[in-house]
2 protein chains.
Amino acid sequence: MERALVESVRSFNRAVTERVGALNDHFLGREHSLGEARLLWEIGVAGAEVRELRNRLALDSAYVSRLLRALERRGLVMVETSADDRRVRCARLTSAGLAERAELDRRADAFAESILEPLSTGQQARLAAAMAEVERLLMASTVRIAITDPSSADAQWCLEQYIQELNERFDAGWDPAQSISAYPHEMTPPAGLFLVASLRQQPVGCGALKFHGDAPSDAAAELKRMWVSPQVRSLGLGRRLLTELERHAREAGVTVLRLETNRALVEAIALYRRSGYQEVAAFNDEPYAHHWFEKRL
Amino acid sequence: MERALVESVRSFNRAVTERVGALNDHFLGREHSLGEARLLWEIGVAGAEVRELRNRLALDSAYVSRLLRALERRGLVMVETSADDRRVRCARLTSAGLAERAELDRRADAFAESILEPLSTGQQARLAAAMAEVERLLMASTVRIAITDPSSADAQWCLEQYIQELNERFDAGWDPAQSISAYPHEMTPPAGLFLVASLRQQPVGCGALKFHGDAPSDAAAELKRMWVSPQVRSLGLGRRLLTELERHAREAGVTVLRLETNRALVEAIALYRRSGYQEVAAFNDEPYAHHWFEKRL
DNA sequence: CAAATTATCTGACTATAGTCAGATAATAAT
DNA sequence: ATTATTATCTGACTATAGTCAGATAATTTG
């Protein structure tokens, strides 16, 4: 890794954690602790289930319970048992709690304004743009890709999104039953594999390999079920998934990767071409395909 | 303040403090606490006086003392009394401490690399550029400008830098004695005023007003001693100083601001022109001046 | 229906990150 | 030579941010 890049990240960290962190504490540090403030914020105007709060803030059950008691004592929160499952408890802000949350919101605004205020209009715009860029790329860098069981909940969710999207985008809709199969067992080792990309435990993309098991002499494999959530598009995730799939294929001894695709999927087609896939004659009878590609690994 | 700008700062804060903060803790927060790690880092390879450490980290004397005892017990630090003042104690890393510090350094590098690693080369470069931009603009926004006594240490330091720079840049050097005066009393209310710009308690620029005290009917004032440290140039600080000086002048009832300048100071001249100053005929006999400017407030 | 699981709570405990009030020793000021 | 100041340390204390081991009640599973 190039030294200058590493240095710029480290320098950024120092500068931002100091400046932003210090000011943040100064503005938000009201009469309640950070834990209480975070909880107050997370409960939100609509209220939330306690287990949901625990999950979102990744806090211990005992700790959340105690924080809620403290907020209750101060009249900011009411906790009541849920109607449909009486084990579950729901936290809800009182009007005092809502006022307190609004105050936190105002302070966060004031904090942001205190950063922008000394700058000229042009500098403010440049700062906002650079911040958005850092945020986007930090998001891209946070995405993790892992081999996943295609019948797991995350994988299934991705596949549902995939089906729905193709159905919307293809001229005549899309019926997986008419298409060449990609059943879970075909995308599970040793028959194939399934990758899920996740952003903070949330699935945001997938891609699969289907090895050609019948004839071991034929070292071609098929690329299937490439999908990237709209939420993270143009972050280079498609490229990363493709690179990962190719790496796994290579490790499995595959020398040729193939795929077919529909003309509606223009970004995908562009990605394949950019990544060295050559358009070839139809090598199967997929009814929804308009283009067939191949790459020698 | 425009809503979208405020939102982008808030969103950036959330994203960066969560991602960077969490990862940072994960990488750096190993067998010693954050306090110990910060102290270990701050002592540095050359060692440092305990009072200096207290100052730099803004920590309580009792707390630093205890942290040092903890580091001593673990064989990472040696504290000994200073030779010239036996009240002062100097902390110095043992070889184990140096190794530990090197390990922290490696971890900080690994952390930076873990952010860069998932990105493509192009994305890495864009991230580094955006981070540098955020850092620069955050630095600009951290600069504070305040009316300061021109005989204070900070003001004197700025004036020394100013003198030195003009002496270097003017063809024939610069001797303040030959030039129109700007004595401390002339830049102190009510005769005038002196602004110092500071970045984290360090002076980084200055500028002064000299009101025309003799005839109250004449509401013209002179702009003097504009200087910006090379360390913070091209951050728009000159413009900010100028704007602040004009604001103070306006509040003092000044309707015309005047200044003279040397042809060597091209950035300053450009700034004056951009800011609405018109070149006028010489209104004094300043021997070092080539241009005279005036602005009606 | 019994057993397992889930959601929450309480009590007991820990580490971190401090603060505050002196005490002590060295040095500076008068 | 006092007196004041400075640099550091120790003891006693606090708040925050938790963790861990059950206990209890409601719900789900076999």
Side-chain angles (χ1 to χ4, degrees), chain A residues 17-18 21-22 24-26 28-43 47-74 76-92 104 153, chain B residues 17-18 21-22 24-43 47-74 76-92 104:
Chain A
T17 51
E18 266 176 43
N24 212 2
D25 293 353
H26 174 250
L28 297 184
R30 256 169 80 72
E31 48 268 28
H32 32 61
S33 68
L34 181 63
E36 280 177 30
R38 286 211 302 160
L39 198 56
L40 198 64
W41 186 262
E42 209 60 35
I43 290 169
E49 289 184 355
V50 171
R51 60 177 170 187
E52 178 61 21
L53 294 171
R54 247 190 341 251
N55 241 308
R56 286 212 292 261
L57 296 169
L59 294 176
D60 179 88
S61 142
Y63 186 41
V64 169
S65 183
R66 250 178 283 277
L67 284 175
L68 284 171
R69 289 305 81 71
L71 290 170
E72 261 184 334
R73 268 197 306 281
R74 294 177 40 211
L76 301 174
V77 163
M78 285 178 60
V79 182
E80 45 211 5
T81 59
S82 158
D84 31 290
D85 183 339
R86 282 160 52 231
R87 288 171 305 183
V88 176
R89 308 255 283 154
C90 293
R92 194 160 65 63
L104 286 177
Chain B
T17 52
E18 271 176 40
N24 211 2
D25 292 354
H26 175 251
F27 273 88
L28 297 183
R30 274 315 358 129
E31 46 268 25
H32 30 62
S33 70
L34 180 63
E36 280 176 28
R38 285 210 301 160
L39 199 56
L40 199 63
W41 186 262
E42 208 62 33
I43 291 170
E49 291 185 353
V50 172
R51 61 178 170 186
E52 178 61 21
L53 295 170
R54 249 191 338 251
N55 240 308
R56 286 212 292 261
L57 296 169
L59 293 176
D60 180 88
S61 140
Y63 186 39
V64 169
S65 183
R66 249 180 283 278
L67 285 176
L68 285 172
R69 288 305 82 71
L71 290 171
E72 262 183 333
R73 268 198 305 280
R74 293 175 43 211
L76 301 174
V77 164
M78 285 178 62
V79 182
E80 44 211 7
T81 59
S82 159
D84 30 291
D85 183 341
R86 282 160 51 231
R87 290 169 304 180
V88 175
R89 306 257 281 155
C90 292
R92 194 160 64 64
L104 285 178

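Letters A, B, ... are given to chains in the order of the sequence lines, protein chains preceding strands, and every chain is numbered from 1.
Rounded to a whole Å, the OH atom of Tyr63(B) is 13 Å from the C1' atom of dT16(D). Per the geometry, CG belonging to Asp60(A) stands 13 Å off C1' belonging to dA7(C), to the nearest Å. Computed from coordinates, the Arg89(A) CZ to dT10(C) P distance equals 9 Å when rounded to whole Å. One can place CD of Glu72(B) at 12 Å from C1' of dC9(D), the figure rounded to the nearest angstrom. The nearest whole Å value for the distance from the CG atom in Leu59(A) to the P atom in dC9(C) is 14 Å. Rounded to an integer number of Å, the gap from Arg54(B) CZ to dT19(C) C1' is 15 Å. Between the CZ atom of Arg73(B) and the P atom of dC9(D) there is a distance of 13 Å, rounded to whole Å. The distance from atom CD of Glu36(B) to atom P of dA15(C) is 12 Å, rounded to the nearest whole Å.
Expressed to the nearest 0.5 Å, how far CD of Glu36(A) lies from CZ of Arg66(A) amounts to 13.0 Å. Atom-to-atom distance recorded for Met78(B):CE and Ile43(B):CD1 is 12.0 Å, nearest 0.5 angstrom. Within the model, atoms OG of Ser65(B) and CG of Leu53(B) stand 12.0 Å from one another, a figure rounded to the nearest 0.5 Å. In this structure, CD on Glu52(A) lies 9.5 Å from CG on Leu57(A), to the nearest 0.5 angstrom.
With dT10(C), dT16(D), dT8(D) as the candidates, the nucleotide lying closest to the side chain of Val50(B) is dT8(D). Side chain of Arg66(A), nearest nucleotide from dC20(C), dT8(C), dC20(D): dC20(D). Checked against dT10(D), dT8(C), dA7(D), the side chain of Ala62(B) finds its nearest nucleotide in dT10(D). Comparing atom distances between the Ser65(A) side chain and each of dC20(D), dA7(C), dT10(C) picks out dT10(C) as nearest.
Side chains of Arg89(B) and Leu68(B) form no contact here, defined as non-hydrogen atoms less than 4.5 Å apart. Considering only heavy atoms from C-beta on, Arg38(A) comes within 4.5 Å of Leu59(A) through its side chain.
Within 4.0 Å of Leu34(A), counting heavy atoms only, lie sugar-phosphate atoms of the nucleic acid but no base atom.
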Find every protein N or O atom lying less than 3.5 Å from an N or O atom of nucleotides 27-29 of chain C, and list the pairs.
| unit_1 | atom_1 | unit_2 | atom_2 | d |
| --- | --- | --- | --- | --- |
| dT27(C) | OP1 | Arg86(B) | N | 2.9 |

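For Ser33(A), a side-chain nitrogen or oxygen approaches OP1 or OP2 of dA17(D) to under 4.0 Å.
The backbone N or O of Glu42(A) lies less than 3.5 Å from a partner atom in the side chain of Arg56(A), making a donor-acceptor pair.
Mapping Arg38(A) and Arg51(B) onto DNA chain D by nearest heavy atom places Arg51(B) at the nucleotide closer to the 5' end.
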